[in-house]
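Below: one structure, written as structure tokens.
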Amino acid sequence: MDLKTFLTRVFTWWNGQTFGTQWWTARHGELVGQDDQGNMYYREKGGRISPALGFERRWVIYNGLAEPSRIPPEWHGWIHHTVDVPPTAEVVTPREWWKPHKPNLTGTPNAWRPPGSTLAQNRRPAATGDYKAWTPGR
């Protein structure tokens with residue numbers, strides 16, 4: 001492991017799992033499955049109920065950048081305790097409204113800029129004339 005990778009794993013959580021997460025997962029985690037993007041899903045060994053939470057602890061180790069919108073629909077229900085059975089234990093039929101993942105572009109140059117935004121190519125639409133400025137005392 002090179003120095004950059006080592007420092008990234010020690011000090012940042014958004015670039016994948018840290019050493020602390022890796023240690024916790026090895027000690028307390030049980031691999032449940034993996035999705036198409038390489039994200040790996042875990043739960044407490046044996047499905048034990050966490051006394052601190054009152055329910056089973058579940059977590060995901062992202063493959064690359066930690067972006068929660070990358071959890072596909074079939075795993076979303078399991079990770080959020082909506083369903084008890086993970087997609088690896090039963091056949092999940094994709095719904096017609098499930099869409100492929102699109103990355104969150106907020107904060108990037110490719111983010112959507114609504115018309116009228118000062119960031120939308122530095123142009124504002126022309127005023128329509130339906131607005132009258134407020135004048136004090138009138």
Side-chain angles (χ1 to χ4, degrees):
M1 178 183 315
D2 64 340
L3 181 62
K4 180 181 177 186
T5 305
F6 175 77
L7 292 174
T8 300
R9 292 189 62 195
V10 169
F11 294 110
T12 64
W13 55 266
W14 54 88
N15 292 314
Q17 66 177 329
T18 62
F19 285 124
T21 305
Q22 186 176 12
W23 178 79
W24 172 267
T25 301
R27 187 160 181 226
H28 299 283
E30 172 182 27
L31 180 64
V32 176
Q34 185 174 357
D35 64 19
D36 323 0
Q37 300 178 38
N39 300 327
M40 300 176 72
Y41 298 87
Y42 293 88
R43 68 177 178 187
E44 290 219 27
K45 287 184 179 173
R48 192 183 62 170
I49 304 299
S50 170
L53 298 174
F55 51 85
E56 178 184 67
R57 185 184 305 260
R58 300 172 181 172
W59 66 96
V60 59
I61 303 294
Y62 294 99
N63 180 21
L65 188 64
E67 182 187 341
S69 69
R70 289 181 50 210
I71 296 177
E74 61 268 19
W75 282 100
H76 185 273
W78 181 79
I79 199 81
H80 290 283
H81 298 274
T82 305
V83 296
D84 292 329
V85 181
T88 54
E90 68 180 7
V91 177
V92 178
T93 306
R95 308 291 182 158
E96 61 185 48
W97 62 84
W98 289 3
K99 303 291 182 199
H101 176 258
K102 288 185 179 179
N104 183 355
L105 300 175
T106 303
T108 68
N110 296 327
W112 183 72
R113 313 276 190 223
S117 168
T118 56
L119 299 174
Q121 303 170 353
N122 293 327
R123 289 180 285 156
R124 289 187 54 85
T128 60
D130 61 350
Y131 171 78
K132 291 186 179 187
W134 176 73
T135 307
R138 289 180 91 189

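Numbers here simply count residues along the sequence, with the first being 1. All values below come from the heavy atoms of this structure, side chains included, with hydrogens, waters and symmetry mates left out.
Here Arg95 pairs with Trp97, Trp98 under the side chain to side chain contact (heavy atoms under 4.5 Å, CB included) rule; sequence neighbours left out.
No side-chain donor-acceptor contact under 3.5 Å links Glu44 to the backbone of Ser50.
Atoms NE2 and CZ, on His81 and Phe55 in that order, are 4.5 Å from each other to the nearest 0.5 Å. In this structure, His101 NE2 and Glu67 CD are separated by 4.0 Å, a value rounded to the nearest 0.5 Å. The distance from the CH2 atom of Trp78 to the CD1 atom of Ile71 is 10.0 Å, given to the nearest 0.5 Å. Put simply, OG1 on Thr25 and NZ on Lys45 are 10.5 Å apart, with the number rounded to the nearest 0.5 Å. Considering NE2 of His28 and OH of Tyr42, their distance stands at 14.0 Å, rounded to 0.5 Å.
Between Glu74 and Val92, the closest heavy-atom pair is CB-CG1, 3.8 Å. Contact detail for Gln37 and Asp35: the closest heavy-atom pair is N-OD1, 3.0 Å. Smallest separation of non-hydrogen atoms from Gly107 and Ala111: N-CB, 4.2 Å.
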Inset, instruction - Please step through side-chain contact (heavy atoms from CB on, under 4.5 Å) for the pair Asn63 and Gln34, ending with a clear verdict. - result: CA-CA 10 Å; Asn63 180 21; Gln34 185 174 357; over 6 Å; no
Inset, instruction - Apply side-chain contact (heavy atoms from CB on, under 4.5 Å) to the pair Thr88 and Tyr41, showing each step before the final yes or no. - result: CA-CA 10 Å; Thr88 54; Tyr41 298 87; over 6 Å; no
Inset, instruction - Output, in order, the C-alpha distance, side-chain angles, deciding distance and verdict of side-chain contact (heavy atoms from CB on, under 4.5 Å) for Trp75 and Val32. - result: CA-CA 11 Å; Trp75 282 100; Val32 176; 4.0 Å; yes
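A salt bridge between Arg43 and Glu30 is present, with a side-chain N of the basic residue lying under 4.0 Å from a carboxylate O of the acidic one.
With 3.5 Å as the limit, one finds no donor-acceptor pair spanning the side chains of Thr108 and Asn110.
Taken together through direct or relayed side-chain contacts under 4.5 Å among Ile, Leu, Val, Met, Phe, Trp and Tyr, Leu31 and Trp24 form part of one hydrophobic cluster.
The number of heavy atoms from other shown groups lying within 6.0 Å of NE2 (His76) does not exceed 12.
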